[in-house]
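A quick write-up on the structure given underneath.
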Amino acid sequence: MTVLIELPDGSSLKYHKAVTPACVAADISPRLAQAALAAEVDGQPTDLTAELTQGSHRLRILTDRDEQSLQVLRHTVAHVLAQAMRRLYGREVQYTIGPPLTDDFQYGFYYDFDLPKPLGAEDLEKVEQEMRKIVAEDIPIRRTELPVEQARKRFAELGQQYKVEMIDDRARQEGLSTVSLYEQGDFLDLCRGPHLPSTGKVKVFKLLSVAGAYWRGDEARQMLTRVYGVAFFDKKQLDEHLQRIEEARKRDHRVLGRQLGLFLLSDEVGPGLPLWLPRGAIVRHELESWLRGELVKRGYQMVVTPHIGKLGLYRTSGHYPYYKESQFPPILTGTSAEGQEQGYLLKPMNCPHHVQIYKSTQRSYRELPLRLAEFGTVYRFEQSGELTGLTRVRGYCCDDAHIFCTPQQLESELESCVGLVELVLGTLELRDYRVRIGLRGPDSSKYVGEPRNWDLAEANIRSVVSALGMNFTEEPDEAAFYGPKIDFIVKDCLGREWQLGTIQVDYNIPERFGLEYVGADNAVHRPVMIHRAPFGSLERFIGILIEHFGGAFPLWLSPVQLAVLPVSEKFNDYAAEVAGSAGSAGLRVENDDTPDKIAAKIRRWTLQKVPYLLIVGAREAGARSVSVRRRGVGEVGSFPLAEAVQALREEVNSRGARAAFCKT
RNA sequence: GCUGCUGUAGCUCAGUGGUAGAGCGCGUCCUUGGUAAGGACGAGGUCAUGGGUUCAACCCCCAUCAGCAGCUCCA
């Protein structure tokens, strides 16, 4: 037998019997053998104890300096967690799955357990202690392959029903005849691996939270107890990680919303029904009026429609009764002669109203595309456990528009919608987003209309995104009930994903409402609809925006753009004059004439993240100037009052593209 | 909706089976100060709500409501 091992540096080693990566590491150097945690064989992550037989293999020994090792470490810590749970709570613990997590902002791994009694946060401390013992015991971790039947029997003997189920499924679905098991002392798990060679290689870890999770993600099945944790190779990395989470929590829009007086969620009003405070309303109004201007430039026409509509309207559209449980209960006014309930619904979407505007008159192809836009508030009865701050609410304002066009116009309209979303995200510096194409799923009862319409709409979307060269992923079962969509998705401060902008192609609603236009051929045709919202929801968008800027909005969006701070009350008159002059120039200004010292005033307005502070004292009053202090920069010098106001105006008008008082 | 945790002053949070405390904020007064906290005094709480246990509950138990983390859902 000849085993040829090629190493990353280009050198190679030859053996005449099967070897393991651990042996190779030992042959290279004792230090490497000591540092080795796992290996990569021909690009595949592998245990150090894997046998390499006849032939040539590319081998890389992984140490704590390799990215992939962290995954292996976390996977092993998950096993240590399960072993600790087993030791503490005995045979009654059913352990299910416990993978490492990639790309999760907070957590590094989890393990799901079925427990006879609940696990509280305070129990985590005990579990951690037991885990430390297991690490101290330095138990070797062994991989074995067993025939399915034998593995099944071993887990059945251990009373691990979930593992038995997993083995059965895997044997059935993947046709496997053997499965791999990992064993460390008294603990046995079904696992693909790879793992560290022994529990002693685990260094620092921390259990972070306990939560519920359905077995196999199915809410009809058992609710399991999920324990989340994180692990690193050294303490410093863990500390930095925890620090990062803490910093992220300070950016949380719910925290900043209170500190900066932007919005309020009141128990009296109801969950998921935010109230916009004066300062938050300014941000919202600025965004609205900016976008309205962009829409009008692009040939949109603004419309206004009421917050409710008759049930019949939503029966036609398909919103009611198919999505009954996610709507506020209808306002019932009676029963029709045929026994059908009659009444009104808080609108879950604006499209049925806009469709009525389209239908209000006979349409000619010459009017198309007809673009009807509205900042329309919609209401959805989201499940109570889903509500969070501004990002998931029960009543929100959609920057909605419906474009009615001919099939020939559709793709160019879609392209310009994409352009608009990109303008919105770009202007607000939200560059870290991904694009998802939401397609039909396998369950046809969730979607209205003929497959022919869907095929067409999906083809339109693919054609547009590929023409524009966009990066995207296609995801089945993410479509709207009437059509496929292009969604723009961003992450919040804790790495959770949220859909903002959306563009949807719809051949079905026009059909359900019997929409028509007269073509150049004097025949009647059916228009196509685009539903699109570049912000998506003003509430969610601003929630994300608050976190993105950490509350430090660009000047044009800042609720308070500048504060005038007199050095003492002797200069209150001049300060009032400065504030007045900025105010008449259309700047949002506060004059801080409290009796506090200047340092205290600076601190107060800095914490409020006001972009510019204008400090005035004897020197400034004499020279009719202001001393400018810029957020995040500090003092930038004194400028004549008129000049300063002019510079600030220009920064506002540029929407952040040009900063005033920049040192060149 | 489900699992777990949490709910004390406007905010952030201490606290005890014997009817409550700090810091910040707020008010008044003193100070008139030059680039991130000047000082003094004061007001402010049915300890989420409703039941129960107890001589006695903010504290223990149950329910409800709300928030947080996660799961599920999201037209």
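Below, chain A is the first sequence line, B the second, and so on; all start at residue 1. Predicted model only: the values in this text are computed from it and were never measured.
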What about F109(A) and Y228(A), are their ring centers closer than 6.0 Å? no

V210(A) has its side chain closest, among A75(B), G4(B), G34(B), to G4(B)

Please tell me if R254(A) has a side-chain N or O lying less than 4.0 Å from either OP1 or OP2 of C68(B). yes

For this output row, return yes or no: ring centroids of H402(A) and Y358(A) closer than 6.0 angstrom. no

Once you round it to whole Å, what is the distance between C1' of C30(B) and CD of E569(A)? 12 Å

Using the side chain to side chain donor-acceptor pair (under 3.5 Å) rule, pick out the option among D492(A), T391(A), T388(A) that qualifies with W498(A). D492(A)

Between CD of E382(A) and C1' of C2(B) the distance, given in whole Å, is 16 Å

Tell me whether the OP1 or OP2 atom of G1(B) has a side-chain N or O from S384(A) closer than 4.0 Å. yes

Has K570(A) got a side-chain N or O lying under 4.0 Å from the OP1 or OP2 atom of G33(B)? yes

Take nucleotides 35-49 of chain B nucleotide by nucleotide from the 5' end and write B, S or -, depending on whether a protein heavy atom sits under 4.0 Å from the base, only from the sugar-phosphate, or from neither. BBBB-----------

Can the positive tip of R221(A) be found less than 6.0 Å from the middle of the six-membered ring of Y214(A), inside 45° of the ring normal? no

Does R394(A) place a side-chain N or O at less than 4.0 Å from the phosphate oxygens OP1/OP2 of C74(B)? no

Establish, from distance only, whether the side-chain atoms of R244(A) and Q106(A) form a donor-acceptor pair under 3.5 Å. no

Short side-chain donor-acceptor distance under 3.5 Å, Y110(A) and D104(A): no

Decide, applying a 5.5 Å centre-distance limit and a 30° plane-angle limit (both strict), whether Y323(A) stacks on A75(B). yes

Does a donor on one side chain and an acceptor on the other come within less than 3.5 Å for Y507(A) and E450(A)? no

Picking from C2(B), G1(B), U12(B), the nucleotide nearest the side-chain atoms of M223(A) would be C2(B)

State whether the number of non-hydrogen atoms from other residues, nucleotides or ligands found under 6.0 Å of Y89(A) atom OH is greater than 12. yes

Relative to the 5' end of RNA chain B, which residue comes earlier, D218(A) or Q259(A), by the nucleotide with the nearest heavy atom? Q259(A)

With a 4.5 Å cut-off on side-chain heavy atoms, are E569(A) and D593(A) touching? no

Indicate the ring-plane relationship of H531(A) and Y482(A), choosing parallel, tilted or perpendicular according to the 30° and 60° boundaries. parallel

Paired and unpaired positions of RNA chain B as dot-bracket, Watson-Crick or G-U wobble under 3.5 Å, | denoting a partner strand: (((((((..((((....[..)))).(((((.......))))).....(((((..]....))))))))))))....

Identify which nucleotide among A75(B), A66(B), U32(B) has an atom closest to any side-chain atom of M349(A), counting heavy atoms from C-beta outward. A75(B)

Can you tell me which nucleotide in G33(B), C74(B), A69(B) comes closest to the side chain of Q106(A)? A69(B)

Looking at the base of G70(B), is there any donor atom on it, or on the side chain of Y214(A), that sits under 3.5 Å from an acceptor on the other one? no

side-chain N/O R226(A) vs A69(B) OP1/OP2, d < 4.0 Å: no

Please tell me which of K485(A) and A618(A) maps to the more 5' nucleotide of RNA chain B, matching each residue to the nucleotide holding its nearest heavy atom. A618(A)

